[in-house]
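Report on the following structure.
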Amino acid sequence: MQRPSIAMAASVAHMDGFSANRSLQILAVQDRYNTGFNTPRVTRHHIERRKFVPFNKIYKPLAGATLVNPWPLRRFDLLHAFNRVPLGPTPFVIGFGTHMPRAFGREQGAAFETLTSQLLSSPCCRIIPMSQAAQKTFLAQHHDNPRLEELRAKTVVRLPNIILPDMQDWLDPDGKMDELRVLFAGGNFARKGGCVGVKLAEKARAAGLPIHVTVASILDCAARWTDPSRPEFFEPYSSCWMRRT
């Protein structure tokens, strides 16, 4: 398992002239959950988490940017951001899961160009996709940028900070299974595959297969990225859910 993105702060700072043994003052963007698995559990560095400005509530084209609460005033060696590009002169690393900057279909706009310039600027020390798939998406997103190689040089994949314990595989492909239980968990029901879970349950019931599907979701079907834009598309799934509850 690779180290989480913010855990590379010491090596980034060392390359920028800091002592390898120095305890750094790191400012991390406080969000709903992402910094939970992108920050180290044990570190000699001081990490302070602060709230950020959700520009998407003010001006949607700037949804991929943010400013971090400056109070109380304090000097930080490094800022760790996630998904939203921080504006300002503080050196930063930024992690992301899909696109960078997040443009939501506005890749040709001035806001996108501004945020890309920020990624190419000297304060941006590292661009850190959470997976190889995110890295490919990011590079494809900027395929026509004449400075693509500069973006590529700043990119380092770091997987989420999770513990994978050593354990014996309990699934015996040659053994008999009385029942297969599948759990779908995700607030974004459509985008994260909830429709597939419903179809699986329907087909399993029709075929008499011992497959049990549990859905834990707020059933959010708002149109995002891959979601169908027609509300009626989801009616068979929502009606199926209501019958089961």
Side-chain angles (χ1 to χ4, degrees), residues 2-18 26-29 31 34-35 37-39 52-68 76-161 188 191-192 222-227 229:
Q2 300 184 59
R3 300 287 292 173
S5 57
I6 200 171
M8 71 184 301
S11 61
V12 171
H14 179 57
M15 289 167 46
D16 288 341
F18 294 104
I26 299 175
L27 173 61
V29 175
D31 53 27
N34 290 317
T35 52
F37 51 78
N38 279 276
T39 53
F52 60 93
V53 177
F55 277 130
N56 57 296
K57 304 292 186 181
I58 305 170
Y59 182 57
K60 286 191 175 181
L62 281 178
T66 193
L67 290 171
V68 184
F76 291 96
D77 298 308
L78 192 70
L79 187 155
H80 177 265
F82 194 89
N83 278 340
R84 295 173 172 86
V85 179
L87 303 178
T90 304
F92 69 91
V93 297
I94 182 165
F96 67 96
T98 53
H99 300 75
M100 178 54 51
R102 303 178 83 188
F104 304 103
R106 300 182 179 90
E107 280 79 4
Q108 306 303 320
F112 181 81
E113 293 180 4
T114 299
L115 297 182
T116 300
S117 296
Q118 180 72 347
L119 295 177
L120 286 163
S121 68
S122 57
C124 180
C125 301
R126 288 289 185 273
I127 302 168
I128 306 169
M130 291 173 57
S131 66
Q132 283 77 15
Q135 181 183 41
K136 289 181 179 179
T137 299
F138 168 69
L139 295 176
Q141 186 183 14
H142 296 275
H143 72 279
D144 59 351
N145 191 315
R147 301 178 66 182
L148 174 63
E149 292 308 314
E150 295 179 53
L151 292 171
R152 190 194 305 272
K154 289 189 176 189
T155 304
V156 180
V157 175
R158 285 294 183 270
L159 304 182
N161 180 17
N188 300 141
R191 179 167 63 90
K192 296 187 176 180
R224 294 184 183 87
W225 303 302
T226 60
D227 288 5
S229 58

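None of the values given here were measured: they were computed from a predicted structure.
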Which distance, rounded to the nearest 0.5 Å, do you find between the [atom1] of [X] and the [atom2] of [Y]?
X	Y	atom1	atom2	result
L115	M100	CG	CE	8.5 Å
I94	I128	CD1	CD1	9.0 Å
R147	S117	CZ	OG	7.0 Å
R158	S131	CZ	OG	13.5 Å
I127	R152	CD1	CZ	11.5 Å
L78	T90	CG	OG1	9.0 Å

Student check: side-chain heavy atoms of [X] and [Y] closer than 4.5 Å:
X	Y	result
H99	T137	yes
H80	V29	no
F52	L67	no
Q135	L139	yes
F138	P129	no
V85	T66	no

Where [X] and [Y] come nearest, the two heavy atoms and their spacing:
X	Y	value
A65	F55	O-CD1, 3.2 Å
Q118	L87	NE2-CA, 3.9 Å
A111	L62	CB-CD2, 3.9 Å
Q132	V157	NE2-CG1, 3.9 Å

Q: For the pair F92 and C124, evaluate side chain to side chain contact (heavy atoms under 4.5 Å, CB included) and give the outcome as yes or no after the intermediate values.
A: CA-CA 5 Å; F92 69 91; C124 180; 3.4 Å; yes

Q) Do F96 and F82 have ring centres separated by under 6.0 Å? A)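 No, the ring centres sit 6.0 Å or more apart.
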
Q: Quick one: do N145 and L151 satisfy side chain to side chain contact (heavy atoms under 4.5 Å, CB included)? Show the steps, please.
A: CA-CA 9 Å; N145 191 315; L151 292 171; 4.3 Å; yes

(Q) Working note: R102 + F112, criterion side chain to side chain contact (heavy atoms under 4.5 Å, CB included); need CA distance, chi angles, decisive distance, verdict. (A) CA-CA 8 Å; R102 303 178 83 188; F112 181 81; over 6 Å; no

**Q.** Donor-acceptor contact below 3.5 Å, side chain K154 vs main chain L119
**A.**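 Judged by distance alone, yes, a pair lies under 3.5 Å.
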
Q: State which residue, out of H142, R84, E113, fulfils the side chain to side chain contact (heavy atoms under 4.5 Å, CB included) condition with P101.
A: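 Exactly one option meets the side chain to side chain contact (heavy atoms under 4.5 Å, CB included) with P101, and it is H142.
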
